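The basis for the numbers below is simple: all heavy atoms, side chains too, and nothing from hydrogens, waters or symmetry mates. As the structure is a prediction and not an experimental result, all values here were calculated from the model.
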Amino acid sequence: MAGWCSARAGRATSWPGEGRGAFEQLHGYAELPADVKDVEIAATARHGLRLFLDRVTHDPGPRTAPGDFDVFRERAAQRAEEGMPLPLLLTTHCVGVRVLWQALRDAARPGEEAALVELAGYLFGAGQRIVHAVTETYLDEQAALTAERPAEHRSLLRGLLEGTAPPPAGSGLDGPSLVLFVQLPGGPRAPVAARRVGRRLQAALDRAFGREVAALLDGTGGRAIVPGGAEPPPALAGLLDGVCGPGVRLAAVQAETGARIPEAARTAARIVRVARACGHPAGLHRLDDVLLDLSTPRGAALAPAALLLRDAEEEPDRPASAGEGDGA
């Protein structure tokens, strides 16, 4: 019985096409690209049925061998990268098992009922192991892709802020933008606490501006860019105090174009440092506020603080933090 099916499967690749109607009934299958349906899924199905039939035909006690699931794992990783839903992927494998079972049942002759039952046990066991391997690989690949995307996003954003990369296409950051520098009270935090504070800070900025804000944040604060050149909301400082604790300092500088973002980021960081050195209360600081302070008779006493506004490229804007971006 298995040999007869194996002979059919070994001829033209149209054998699995007999079950094409079963696949086409699956929700979402019709929307898949033609090459995925006609090549990838069909080829995977043919590989699976040939592997099973060859194993039960030539091995009296069929067992899983090393490498049996390599093709299924490889294809599962590809489907995860392409964004194919996992339920649809698993259902295609289940349909493949059902189509093969129907072929075995049709091939069974009177008196082969016991053999059919035995083959069914092998088939459903193999199907279970394939589904496990496919699910495991898909989820691993999806987790890896999810981890890569934020890292890539942080890398692009860091390059934009430091002037080493152009604004990403379609990001809206090539035009006017508002650049923020935020300094949280309390100094560096433990890694877990830093990630928690970074996530809270990100959520607060998103809520304040009514959109997802591009930001590099950690437990000490960070930098953010808001496309469109919007002004910071009047209640922004109070909102951040409520989320991160009292004493938050921040500065906002307009960048006319994406090319001016690095300069605006440096200026915003220096405004916060000067405001702190000059004894300004925590809150939102602006360049005009700092320049006005430096123009008073106290200016001579504040000369060291004024030096912070110089465009000294060798001076870092803020102490580097290994966790920057983890909370974004």
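With rounding to the nearest 0.5 angstrom, the CZ atom of Arg200 is 11.5 Å from the CG atom of Leu184. Between the CZ atom in Arg211 and the CG atom in Leu205 there is a gap of 12.5 Å [rounded to 0.5 Å]. Atoms CG and OG1, from Leu86 and Thr135 in turn, are 5.5 Å apart once rounded to the nearest 0.5 Å. Distance CZ/Arg158 to CG/Leu216: 5.0 Å, rounded to 0.5 Å. To the nearest 0.5 Å, the span separating OH on Tyr138 from CD on Gln78 amounts to 13.0 Å. Remark: Glu212 CD to Arg207 CZ distance equals 14.5 Å, nearest 0.5 Å.
In plain terms, the two heavy atoms of Leu116 and Ala108 that are nearest each other are CD2-CB, 4.2 Å. Closest approach of Ala255 and Val179 over heavy atoms only: CB-CG2, 4.2 Å. Listed here is the closest heavy atom pair of Phe181 and Arg223: CD1-CG, 3.9 Å. Residue Ala259 comes nearest to Pro262 through the heavy atom pair O-CD, 3.5 Å, listed as atom of the first residue, atom of the second, then distance. Considering all non-hydrogen atoms of both residues, Cys94 and Val131 come closest at SG-CG2, 4.4 Å. Closest non-hydrogen pair, Pro233 versus Ala208, comes out as CG-O, 3.4 Å.
Distance alone, capped at 3.5 Å, is enough to place a donor-acceptor pair between the Glu112 side chain and the Arg109 backbone. The main-chain N or O of Ala80 is never found under 3.5 Å from a side-chain atom of Glu82 such that the two would form a donor-acceptor pair. Formation of a donor-acceptor pair under 3.5 Å by the Thr137 side chain with backbone atoms of Val134 is not found in this model.
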**Request:** Apply side chain to side chain contact (heavy atoms under 4.5 Å, CB included) to the pair Phe69 and Ile130, showing each step before the final yes or no.
**Result:** CA-CA 7 Å; Phe69 299 144; Ile130 289 172; 3.6 Å; yes
**Message:** The test is side chain to side chain contact (heavy atoms under 4.5 Å, CB included); show your working for Arg286 and Ile271 and say whether it passes.
**Reply:** CA-CA 7 Å; Arg286 293 185 177 275; Ile271 289 173; 5.9 Å; no
**Request:** Could you check Arg276 against Gln183 for side-chain hydrogen bond (donor to acceptor under 3.5 Å, both in side chains), going step by step and ending with a plain yes or no?
**Result:** CA-CA 10 Å; Arg276 184 172 183 174; Gln183 187 178 74; 3.2 Å; yes
**Request:** Check step by step if side chain to side chain contact (heavy atoms under 4.5 Å, CB included) holds for Val97 and His93.
**Result:** CA-CA 6 Å; Val97 170; His93 285 282; 5.8 Å; no
**Stepwise side chain to side chain contact (heavy atoms under 4.5 Å, CB included) check, Leu180 with Phe209** = CA-CA 12 Å; Leu180 301 172; Phe209 288 96; 3.8 Å; yes
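Side chains of Val213 and Ile225 form no contact here, defined as non-hydrogen atoms less than 4.5 Å apart. Considering only heavy atoms from C-beta on, Asp218 stays 4.5 Å or farther from Val197 through its side chain. Using a 4.5 Å heavy-atom threshold, the side chains of Gln142 and Leu139 count as touching. Leu287 places none of its side-chain heavy atoms less than 4.5 Å from the side chain of Val253. In this structure, the side chains of Pro232 and Leu178 come closer than 4.5 Å at one or more pairs of heavy atoms.
Sorted by first then second residue, the side-chain hydrogen bond (donor to acceptor under 3.5 Å, both in side chains) pairs that include residues 246-260, not counting sequence neighbours, are Glu231-Gln254, Arg249-His285, Arg260-Glu263. Sequence neighbours left out, not one pair with a member in residues 172-182 passes side-chain hydrogen bond (donor to acceptor under 3.5 Å, both in side chains).
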Ignoring hydrogens and angles, write down the donor-acceptor pairs under 3.5 Å from the side chains of residues 235-243, residues two or more places apart or on other chains.
{"residue": "Asp241", "atom": "OD1", "partner": "Gly247", "partner atom": "N", "Å": "3.4"}
{"residue": "Asp241", "atom": "OD1", "partner": "Val248", "partner atom": "N", "Å": "3.1"}

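Using a cutoff of 4.0 Å between basic side-chain nitrogens and carboxylate oxygens, Glu136 and Arg73 are scored as salt-bridged.
Side-chain atoms of Asp106 and Gln102 include no donor-acceptor pair closer than 3.5 Å.
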